[in-house]
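To keep things clear, I will list the structure first and then write my remarks on it.
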There are 2 protein chains.
Amino acid sequence: MSPMTAARSRFSPADRPQLGLRERKKIKTREAIRDATYALIKEQGYDATTIEQIADRAEVSPSTVFRYFPTKEDIVLTDEYDPLMVEELRARPADESWIDSLRHVIHMALDTMMAEDPEVVRMRAHLGIQIPAVRSRMVESMSETGRLIRESIAERTGLDPDSLEVRVYAMSLTGGLMEVYMHWAENDFRGELRDLVDRALDVLEHGLPTENP
Amino acid sequence: MSPMTAARSRFSPADRPQLGLRERKKIKTREAIRDATYALIKEQGYDATTIEQIADRAEVSPSTVFRYFPTKEDIVLTDEYDPLMVEELRARPADESWIDSLRHVIHMALDTMMAEDPEVVRMRAHLGIQIPAVRSRMVESMSETGRLIRESIAERTGLDPDSLEVRVYAMSLTGGLMEVYMHWAENDFRGELRDLVDRALDVLEHGLPTENP
DNA sequence: CATGAAATGAAAGTAACTCTCAAAATCTAG
DNA sequence: CTAGATTTTGAGAGTTACTTTCATTTCATG
């Protein structure tokens, strides 16, 4: 069994028999498309992999592929972790400084993803530095995470989440975190992503190390 | 004369007779393509404007359009300001704090662009929030600017420009600045971009206003 | 089982981008 | 000024992501 298939564990239809046959089939189709995509990209690279090939291997029609994922990049990047992060963020104690909350939530998300399928985490980062469209989609979803961060900041500081200051601050955080991910991939995944995130958050909180000695 | 054409002034072939006919024609073609694109987008919107229409109006073939600009977004976004910024950055006194240098360079770039063609500055921001591909290309070019910032930081602090810390810091700056631009566009271009940048740089330098009272 | 709703597949269409090659414009020598 | 080398352009055909439409199949429900 390839490590790719490990990702199925948590969301596989077998785990939720309460769903109707229709819903279970949809989940299976989603997984089939994603698995086919990962496998083909691994074999031939991203650009050489066409939607038609993906459809063939997943045993669906090309139209169905587009019904499940709006773009090719989304097949690679879409996951179901965002709701988990929201939930986890809400569960944090109200008096915790929000940057600690953030640190905690990111740790949790990373741990979950690395436990479930580290190869996919690496492949995504790798595609992120190689394929502009993928990187672009990554930035996009980081921005959505940025909105989360803004709400969290607003809740804890009383500032307006749509103010220039909060937006700039949140985006600087997400930009910095994005850069961690890219740095990790560009340096051949050396070091624990978790530790790199901590170093990044320190920079974001206190500035560059030697700046104010 | 439409405000669009004002952008020609500084780079128009008439200003540099030292160039051969070939080079002067190339500059003219570039401008023709860009002017046609801006005009068509203004008339019909971005998506409704095809490369074929652009080619027609610029009186070149579609192949030629792609020879001058790799993608449709590039027609809208590519400009010649980067070399100017590099030059300006080098000209700053060595003992100036690099964030002040940055502030100065951005002010200069903004002033130049707003003086030359404010409508284009606004149109780009507007397209940036509406068209994902354009926003993506904007982020891309901000990343290139980010590399500039890293070198500047490295020169002045002695840190490694490729270290995680410097990369994270630089990207947090560029991300924050990008957000200023988007915020300005989303709020109907209210306020001076210059002032917004100053507020953003304050946040990036000192954190959120009420954070450490 | 029958009826309605949802999911699928087939097919045709659009538009961005690529590649190739021949024609045209410009440059350079003599 | 002309001949030949070089560069730029246009025409055309091809690829592929993505859209839209519609008939068919598959599942849910009473």
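The sequence lines fix the lettering, A, B, ..., with proteins before strands; numbering per chain opens at 1.
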request  = Look at the aromatic rings of Tyr169(A) and Trp98(A) and report parallel, tilted or perpendicular, splitting at 30° and 60°.
outcome  = perpendicular
inquiry  = Let me spell it out: for each of Val60(B) and Phe66(A), pick the nucleotide of DNA chain D with the closest heavy atom. Which residue's pick is nearer the 5' end?
reply    = Val60(B)
Distance test, side-chain N/O of Thr64(A) to OP1/OP2 of dG9(C), below 4.0 Å = yes
task = Using a cut-off of 6.0 Å, state whether more than 12 heavy atoms not belonging to Glu192(A) lie near its atom CD.
result = no
Polar atom pairs between nucleotides 4-8 of chain D and protein, under 3.5 Å, N or O only, would you list them?
unit_1: dT6(D); atom_1: O2; unit_2: Arg22(B); atom_2: NH2; d: 3.4
unit_1: dT7(D); atom_1: O4'; unit_2: Arg22(B); atom_2: NH1; d: 3.3
unit_1: dT8(D); atom_1: OP1; unit_2: Lys26(B); atom_2: NZ; d: 2.7

key: Whole angstrom value for the distance that separates C1' of dC18(D) from NZ of Lys72(B)   = 14 Å
ask   = Distance-only, no hydrogens or angles: does the Arg124(A) side chain make a donor-acceptor pair with backbone N or O of Val76(A) under 3.5 Å?
value = yes
key: Base of dA11(D) paired with side chain of Ser63(B) (donor-acceptor, under 3.5 Å)   = yes
Restricting both atoms to N or O, compile the protein contacts to nucleotides 28-30 of chain C shorter than 3.5 Å, with distance only.
none

task = Tell me whether the OP1 or OP2 atom of dC27(D) has a side-chain N or O from Lys25(A) closer than 4.0 Å.
result = yes
remark   = Testing dC18(D), dT8(C), dA11(D) for proximity to the side chain of Ser61(B), the answer is dA11(D)
message = Expressed as a whole number of angstroms, how long is the span from Gln53(B):CD to dA16(C):C1'?
response = 13 Å
message = Please list all pairs meeting side chain to side chain donor-acceptor pair (under 3.5 Å) that have one or both residues in residues 170-185 of chain B, counting only residues at least two apart or in different chains.
response = Arg167(A)-Glu179(B)
request  = Calculate the interatomic distance between Arg137(B) atom CZ and dA16(C) atom P; express it in whole Å.
outcome  = 17 Å
